[in-house]
Amino acid sequence: RLRFGPDQASPMEDDWTEIRNRNLLSRPLFCNPVCMLSTIGADGRRNVMTVSWLTPADNQGRLVLSMKSTRFSLELMQETMRFGLSVAVGSHTELLWKIGQCSGRDTV
């Protein structure tokens, strides 16, 4: 449970947020941009997924990202070790929602 309020130090004593879903407890700690991860398999299958759990490892473009082991994108990436990462902007909001609502495994 994450709580900021009068009984705990916070920048604004009257503001607080309560997170009940344990799967979302660390979300407020990461303000990473939403990105689109594009992958391609050895047979040419392609997929795009949304990602936001990533962090730069250095200034040369290396990064660390987290992805569930059952993701179709991971399967394709492991076949070819190739991917593209695009940082989304505000005009991509509708596209991001559409990408996040389906699996490329089901649409191929």
Side-chain angles (χ1 to χ4, degrees):
R1 182 181 234 185
L2 176 66
R3 181 179 169 95
F4 299 104
D7 57 329
Q8 295 182 354
S10 74
M12 300 181 74
E13 289 294 318
D14 295 331
D15 288 349
W16 61 275
T17 301
E18 184 174 349
I19 300 174
R20 295 177 185 216
N21 183 337
R22 294 184 55 79
N23 295 325
L24 303 176
L25 286 176
S26 60
R27 289 271 173 104
L29 303 177
F30 298 95
C31 297
N32 295 335
V34 176
C35 296
M36 293 171 279
L37 180 74
S38 304
T39 54
I40 186 168
D43 60 359
R45 294 175 298 162
R46 298 172 186 265
N47 194 53
V48 178
M49 73 174 280
T50 57
V51 295
S52 63
W53 290 85
L54 60 134
T55 188
D58 59 28
N59 290 327
Q60 284 73 50
R62 287 183 276 265
L63 60 100
V64 176
L65 67 89
S66 178
M67 183 184 324
K68 190 173 179 179
S69 63
T70 58
R71 294 284 184 211
F72 183 53
S73 291
L74 180 60
E75 179 183 321
L76 299 181
M77 193 184 312
Q78 288 175 327
E79 289 177 13
T80 63
M81 300 305 288
R82 295 177 59 199
F83 70 92
L85 187 69
S86 301
V87 178
V89 295
S91 63
H92 292 133
T93 302
E94 186 176 332
L95 175 63
L96 292 168
W97 278 109
K98 288 179 181 178
I99 291 170
Q101 297 299 311
C102 64
S103 169
R105 189 185 316 274
D106 300 331
T107 58
V108 174

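Here the structure is a predicted model, which means the values were calculated and not measured. Along the sequence shown, residues carry numbers from 1.
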Trainee: Does the side chain of Leu37 reach to within under 4.5 Å of the side chain of Leu54, using non-hydrogen atoms?
Mentor: no

Trainee: Identify the heavy atoms of Phe72 and Ser103 that sit nearest to each other, and give their distance.
Mentor: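 The pair with the smallest heavy-atom distance is CB-OG, 4.4 Å.
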
Trainee: Can you tell me which residue pairs pass the side-chain hydrogen bond (donor to acceptor under 3.5 Å, both in side chains) test with a partner in residues 88-101, sequence neighbours excluded?
Mentor: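 Listed by first then second residue: Glu94-Lys98.
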
Trainee: Taking Glu79 for the side chain and Gly41 for the main chain, is one N or O donor matched with an acceptor at less than 3.5 Å?
Mentor: no

Trainee: Between Leu95 and Met36, what is the shortest heavy-atom contact and its length?
Mentor: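 The pair with the smallest heavy-atom distance is CD2-SD, 4.0 Å.
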
Trainee: Can you measure from CE (Met81) to CE (Met77) and round to the nearest 0.5 angstrom?
Mentor: 8.0 Å

Trainee: Check Ile99 against Val48 and note the closest heavy-atom contact, atom names and distance.
Mentor: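 Closest approach of Ile99 to Val48: CG2-O, 3.5 Å.
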
Trainee: Verify the distance criterion only: is there a donor paired with an acceptor across the side chains of Thr39 and Asn47 at less than 3.5 Å?
Mentor: no

Trainee: Say whether Trp53 and Leu96 are linked into one hydrophobic cluster, either directly or through other cluster members, by side-chain heavy-atom distances under 4.5 angstrom.
Mentor: no

Trainee: Donor-acceptor pair, Thr80 side chain versus Ile40 backbone, under 3.5 Å?
Mentor: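 Yes; judged by distance alone, with no hydrogens or angles, the pair exists.
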
Trainee: For the side-chain contact (heavy atoms from CB on, under 4.5 Å) test, which of Met49, Arg45, Arg82 pairs with Leu76?
Mentor: Arg45

